[in-house]
Amino acid sequence: MPTPVKMPRLGESVAEGTIGGWLKKEGDWVERDESLAEIITDKINAELPSPVEGRLIKILVQVDETVPVGAEIALIEANVSASAESTTEAEPELEPAPVAQSSAPAHYANGHVVPKREAGGQRISPLARRLAREHDLDLSIIPGTGTGGRVRKEDILAYLSQRQSTPAMPAALTPAPVAPYVAGEDEEVQTPSRMRLAIAEHMVRSKHTSPHATAMVEVDMTSIAKWLEKHKEAFKQRNGYSISFVPFVIKAVCDGLRQFPILNSTWTPDNKIVLKKRINMGVAVATEQGLVVPTIYNADQFTVAGLANKLAEVSQRARANKLTLQDLQGSTFVVNNTGTFGTIISIPIINQPHAGILSMNAVVKRPVVIEDDAIAVRSMMYLCLSFDHRILDGAGSGGFLKTVCEKLESYSREIDVY
């Protein structure tokens, strides 16, 4: 019996995935763990490894199609031993999304669910249709943020949240369908890449989902800056990878999360707060394709040098487009280094479903007032924390930033990074 390959769950808040491209064609032989397809996720194109060794006999989902987590996307004819072994190992990682039960059933093609096109050409996912039916919603008035204007589960939840806090929009003010933009003589219309569309969807969904608030502090990074100036080259020669301000900030953030674990949490759709016991740090990495956020697991268990090593590893894989699904899952908080581009202040958008994200900015020398009202030139940096105001308030965010700031300013000029 053929072994089904299913759409994996690519994150806690992800209920579906899009096929970006098939790396094998029907009839090809594939090895176990060999890349089968490219999966579009929020902010990244990830390669899906084959769960078994065998022959790819059927592709069930075509390029650019979006299907729920757990939907079958391909069939592989595997030998009996490989099939039995892979089934027991691969299945627990997949959590099939609920299939909508409706009097207007979804279409099926090649054994998988295809989002139904409603009247007027509106595309609606099965999960979104089920939620709309449960809350007696008119889907025609809910704009979709998915690819091609597809209405997703997150759009329904955002609409419900907005409806609870604001009066219903009069029928006369219902937004009209958006017409295609017609370029003028001095304009050029570009079609965003699939990754750019995924980023756009994620950013819109984050703003719809979390009431963002931001707090900032200024940090004196002089001791760390002087240590880097003196030891950075020797460190690279000794270890084979570079060190910068980033691992110091991540180490301090881990200290802050241990003291204020509420920031290492998430808000659930049923209005609960889930505290994460492990600190898995997402780190924003700029690539030619766009911004990606790989994960450093158990970041609080590493020294500053160990964090520099992990940063070098994930950054190299990200820029070579070699990130795995494991690299992109499980983060509980994110540190974003916009300072590498020279920013002085930047306000980040939360990476759902996290409680917060911290942006570190450029370290700049400027005159500051120190003890006894003396003025000295110091290396200063702004830290900007965006947090989910449903989960915590100013006291928690302020205490967290104070802890991070104190850790960074506690270093002397002689620092043991090991």
Side-chain angles (χ1 to χ4, degrees), residues 8-14 17 33 35 39 41-49 51 69 89-90 92-95 202 239-268 273-287 291-337 348 350-360 385 400 403-404 407 417-418:
R9 183 174 295 278
L10 304 175
E12 294 182 42
S13 64
V14 177
D33 295 329
S35 295
I39 305 295
T41 71
D42 288 338
K43 301 188 176 184
I44 188 63
N45 297 352
E47 293 184 357
L48 174 67
V69 167
E89 293 183 6
E93 299 178 1
L94 302 177
E95 300 177 29
H202 185 76
N239 298 286
Y241 53 89
S242 300
I243 190 170
S244 66
F245 291 107
V246 182
F248 288 94
V249 172
I250 292 178
K251 188 67 176 176
V253 167
C254 289
D255 283 2
L257 293 177
R258 279 197 294 264
Q259 291 195 39
F260 294 87
I262 191 65
L263 270 157
N264 202 51
S265 69
T266 184
W267 185 279
T268 67
I273 298 175
V274 178
L275 299 176
K276 305 292 185 176
K277 295 183 178 181
R278 298 170 62 187
I279 298 177
N280 298 332
M281 193 65 63
V283 287
V285 178
T287 71
L291 191 69
V292 298
V293 186
T295 303
I296 298 176
Y297 287 86
N298 298 310
D300 57 321
Q301 303 300 310
F302 293 98
T303 62
V304 173
L307 288 170
N309 183 26
K310 289 295 180 182
L311 279 169
E313 289 178 357
V314 297
S315 297
Q316 183 178 10
R317 289 202 298 274
R319 296 187 175 110
N321 200 25
K322 297 295 184 183
L323 290 173
T324 65
L325 296 181
Q326 182 73 8
D327 287 327
L328 302 170
Q329 297 176 350
S331 64
T332 59
F333 193 87
V334 170
V335 169
N336 184 22
N337 179 25
I350 297 170
N351 187 38
Q352 293 299 322
H354 298 165
I357 178 173
L358 183 121
S359 183
M360 53 181 293
L385 171 71
F400 167 79
T403 299
V404 174
K407 175 64 176 180
V417 297
Y418 300 99

Using every non-hydrogen atom in the two residues, find where G256 and V404 come nearest and quote the distance to one decimal.
CA-CG2, 4.4 Å
Atom of D33, atom of P49 and distance for their closest heavy-atom approach:
O-CB, 3.6 Å
Has K251 got more than 12 heavy atoms of other residues, nucleotides or ligands less than 6.0 Å from its NZ?
yes
Side chain to side chain, I279 and V253, heavy atoms closer than 4.5 Å:
no
Side chains of I250 and F302: does their closest heavy-atom pair fall under 4.5 Å?
no
Side-chain donor or acceptor of Y297 paired with backbone N/O of Q326 under 3.5 Å:
yes
Within the structure provided, determine whether T287 and N321 are in side-chain contact (heavy-atom separation under 4.5 Å).
no
Please round to the nearest 0.5 Å and tell me the distance separating atom CD1 of I273 and atom CD1 of I262.
4.5 Å
Which atom names give the shortest non-hydrogen contact between L275 and P261, and what distance separates them?
CD2-O, 3.7 Å
CG-CZ distance between D255 and F260, expressed to the nearest 0.5 angstrom
11.5 Å
4.5 Å side-chain heavy-atom contact, L307 and F248
no
Is any side-chain heavy atom of N351 closer than 4.5 Å to one of F333?
no
Would you say the side chain of T295 lies within less than 4.5 Å of the side chain of D327, judging by non-hydrogen atoms?
no
Kindly give the heavy-atom pair with the smallest separation between V69 and P8, and that separation in Å.
CG2-O, 3.8 Å
Are the side chains of Q316 and E313 in contact, using a 4.5 Å heavy-atom criterion?
no
Regarding N264 and T332, do their side chains bring together a donor and an acceptor under 3.5 Å, going by distance alone?
yes
Is K276 close to T266 at the side-chain level, that is, under 4.5 Å between some pair of heavy atoms?
yes
Which is it for L358 and V334 under the side-chain contact (heavy atoms from CB on, under 4.5 Å) test, yes or no, and what are the steps along the way?
CA-CA 6 Å; L358 183 121; V334 170; over 6 Å; no
Between I243 and A308, the two heavy atoms sitting closest are CG1-CB, 4.1 Å
With rounding to the nearest 0.5 Å, note down the distance linking CG in N298 to CZ in R278.
4.0 Å
For R319 versus A286, what's the shortest heavy-atom pair and its separation?
NE-O, 3.4 Å
Going through the checks in order, is the side-chain contact (heavy atoms from CB on, under 4.5 Å) test met by V246 and L311?
CA-CA 9 Å; V246 182; L311 279 169; 3.6 Å; yes
CG/N309 to OG/S242 distance, rounded to the nearest 0.5 angstrom?
11.5 Å
Please check: side-chain N/O of Y241 versus main-chain N/O of K310, any donor-acceptor pairing under 3.5 Å?
no
